[in-house]
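For reference, the structure discussed in these notes is given below.
For this chain, numbers begin at 1 and follow the sequence in order. Keep in mind that the numbers below use all heavy atoms, side chains included, and drop hydrogens, waters and symmetry copies.
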Amino acid sequence: MNHISIKSYAKINLGLDVTGVLDNGYHTVKMIMQNISLYDSLYFEKRSSPKIILQTNLSYLPTNEKNLVYAAIKLFRETYHISNGVYANVVKKIPVAAGMAGGSGNAAATLITLNKLFDKNLSTEELMALGLKLGADVPYCILGGTALAEGIGEKLTPIPAPPKAKILIVKPGISISTQMVYQNLILDEQTVHPDIDSTLAAIKAGSLKDMCASLGNLLEDVSISLHPCIAEIKQQMLDNGAVASLMSGSGPTVFGIYDDESAAAKAYDYFKSGEYAAGTFLCDFI
């Protein structure tokens, strides 16, 4: 096998809590990660020459070590002493810098593919350990599905998929620095933390209503203070039939959960006809 195509799925957070700060400055978290059907398309080809060649459909994306696909190829080759080069082509559909782990998902897809392309037969756990060197979200993106993430995001526990629903994604045309959000986050006795355990219980019980009632993201207030449009999008989703609406990750992407397909379609049309058209997608849990 000399070439492989693979889909790299986006993620949202059905709950995100920050539980502390480590001595190295990393924050510890407790969050529920969930794949959705929005994806990037990646193609990889083994080359006889040693060069790594990366192309993307977005002219502003780097095609060197600053791109996680390139970094993942380089890490895999160095770790397993591979002399072959790799050609990679990435067609991005997941919004960039959106809090949806698009880059981390691409890195995960790269490691999964190279494992097959070069017949290394690494286990999922081995791939996840390697992926952690590229970023805290990469192990989850290798695992996929629905998972509770703890530690800095690398301690993963698979959980059942949530009840079926339509997921409306709206990413405004702004970018948010995750580092800046965490720098502005205040953790003290007054901090009101989201109830991740209640969300977990609702998912396990198969109750969409209870899951939606318990959703929370501790980073949301910080990101909204920087970009009030996030709160405006949330309210517009609720006004257009969403059972719940929440920011994903550190933002700025907002998602709405709909238990009615026709309401979701109408809400999609509403956002698609406005200023956020380029960042509007209608998805499913996967």
Side-chain angles (χ1 to χ4, degrees), residues 1-11 26 33-98 100-158 161 249 286:
M1 186 181 297
N2 291 315
H3 56 87
I4 295 176
S5 296
I6 187 172
K7 294 176 180 177
S8 167
Y9 290 97
K11 70 86 187 166
Y26 279 93
M33 314 280 271
Q34 175 64 51
N35 275 142
I36 56 173
S37 55
L38 177 64
Y39 63 86
D40 295 334
S41 300
L42 289 80
Y43 171 84
F44 296 90
E45 189 174 300
K46 188 189 300 184
R47 304 179 73 245
S48 56
S49 66
K51 191 174 181 181
I52 299 171
I53 299 175
L54 172 61
Q55 294 181 326
T56 81
N57 64 319
L58 300 178
S59 60
Y60 57 83
L61 287 181
T63 54
N64 54 20
E65 290 90 343
K66 293 181 179 180
N67 188 302
L68 280 174
V69 171
Y70 192 108
I73 295 171
K74 184 178 179 184
L75 175 64
F76 196 92
R77 290 176 70 223
E78 290 175 350
T79 302
Y80 296 103
H81 310 291
I82 293 169
S83 59
N84 293 84
V86 175
Y87 167 77
N89 185 279
V90 182
V91 178
K92 296 289 294 180
K93 190 175 181 183
I94 302 168
V96 177
M100 301 178 73
S104 295
N106 290 172
T110 301
L111 296 179
I112 290 169
T113 301
L114 296 187
N115 186 37
K116 296 176 181 177
L117 206 57
F118 293 103
D119 299 315
K120 292 302 176 183
N121 298 311
L122 302 173
S123 67
T124 299
E125 291 72 19
E126 289 173 311
L127 286 172
M128 288 165 63
L130 186 62
L132 184 59
K133 297 179 181 180
L134 296 165
D137 279 348
V138 179
Y140 162 72
C141 293
I142 291 171
L143 179 67
T146 314
L148 173 67
E150 297 174 283
I152 62 168
E154 88 288 6
K155 297 178 182 177
L156 298 164
T157 305
I286 58 168

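- In this structure, the side chain to side chain donor-acceptor pair (under 3.5 Å) partners of D40, at least two apart in sequence or on a different chain, are K92, N106.
- Interatomic distance, OG1 of T157 versus CD of E150, reported as 6.0 Å (0.5 Å rounding).
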**Item:** Worked verdict on F76 versus L130 for side-chain contact (heavy atoms from CB on, under 4.5 Å)
**Value:** CA-CA 8 Å; F76 196 92; L130 186 62; 3.9 Å; yes
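- Within the 4.5 Å cutoff, the side chain of K116 has heavy atoms near those of the I4 side chain.
- Of all the heavy atoms in I73 and T110, the pair that sits closest is CG1-CG2, 3.6 Å.
- Side-chain contact between S104 and C141 is present, with at least one heavy-atom pair separated by less than 4.5 Å.
- N2 places no side-chain N or O within donor-acceptor distance of the main-chain N or O of K46, the cut-off being under 3.5 Å.
- For the pair L75 and L134, the minimum side-chain heavy-atom distance is below 4.5 Å.
- Scanning for salt bridge (Lys or Arg N to Asp or Glu O under 4.0 Å) contacts around K7 gives an empty result, with sequence neighbours left out.
- Across every non-hydrogen atom of L42 and A109, the tightest pair is CD2-CB, 4.3 Å.
- Q55 and Y87 form a side-chain donor-acceptor contact under 3.5 Å, judged by distance and modelled atom types alone.
- Annotation: Y80, atom OH; neighbour count of heavy atoms from other residues, nucleotides and ligands within 6.0 Å is above 12.
- Proximity of K51 to V86: side-chain heavy atoms (C-beta onward) are nowhere separated by under 4.5 Å.
- At least one donor-acceptor pair closer than 3.5 Å links the side chain of S8 to the backbone N or O of G105.
- Applying the side chain to side chain donor-acceptor pair (under 3.5 Å) test to Y39 and every residue at least two apart in sequence or in another chain returns nothing.
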